[in-house]
Asker: 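Let me begin by handing over the structure; questions about it come next.
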Amino acid sequence: MRRLVVSNRAFLWRVEHRHQDNGGRTLCTEVLRIFAEGNKSALLRLVFPEQDGWQVGYPRAGVV
């Protein structure tokens, strides 16, 4: 987990990379999870699925 502080409020976050088989083609998905430090029930989960024209999982190439 990584820590992020915004306006003196601490949050913890992590990114998870997933693969899914789609008829012989592997699709990638990035999942970002953020929650207030000390309160895991207040979770924000953002899912970035790979789609036609949209890549995920290649941060060094400037892709989420």
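Here the structure is a predicted model, which is why all the values come from computation and not from measurement. Values reported hereafter were calculated over all heavy atoms of this structure, with side chains retained and with hydrogens, waters and symmetry mates removed.
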Asker: What closest approach, in Å, do E50 and T26 show between heavy atoms, and which atom pair accounts for it?
Answerer: OE1-O, 4.2 Å
Asker: Please examine the side chains of E37 and R3, heavy atoms only from C-beta on, and report whether any two atoms are closer than 4.5 Å.
Answerer: yes
Asker: Do K40 and R33 have side chains that get closer than 4.5 Å, going by heavy atoms?
Answerer: no
Asker: Is there a side-chain contact between M1 and F35 (heavy atoms, below 4.5 Å)?
Answerer: yes
Asker: Please lay out, stage by stage, how R45 and L32 fare under the test side chain to side chain contact (heavy atoms under 4.5 Å, CB included).
Answerer: CA-CA 6 Å; R45 189 177 126 211; L32 172 63; over 6 Å; no
Asker: Work out which heavy atom in N39 is nearest to a heavy atom in S41; give both atom names and the distance.
Answerer: OD1-OG, 2.7 Å
Asker: In this structure, would L44 and V6 fall into the same cluster of hydrophobic residues linked by side-chain contacts under 4.5 Å?
Answerer: yes
Asker: Is the shortest side-chain heavy-atom distance between V15 and H17 below 4.5 Å?
Answerer: no
Asker: Considering only NZ, NE, NH1 and NH2 on the basic side and carboxylate oxygens on the acidic side, decide whether E16 and R18 come within less than 4.0 Å.
Answerer: yes
Asker: Please tell me if the side chains of F48 and T29 come closer than 4.5 Å, counting only heavy atoms from C-beta onward.
Answerer: no
Asker: Between I34 and L12, is there a side-chain heavy-atom distance shorter than 4.5 Å?
Answerer: no
Asker: Examine V31 and W13 and state if one hydrophobic cluster contains both, with Ile, Leu, Val, Met, Phe, Trp and Tyr joined whenever side-chain heavy atoms are less than 4.5 Å apart.
Answerer: no
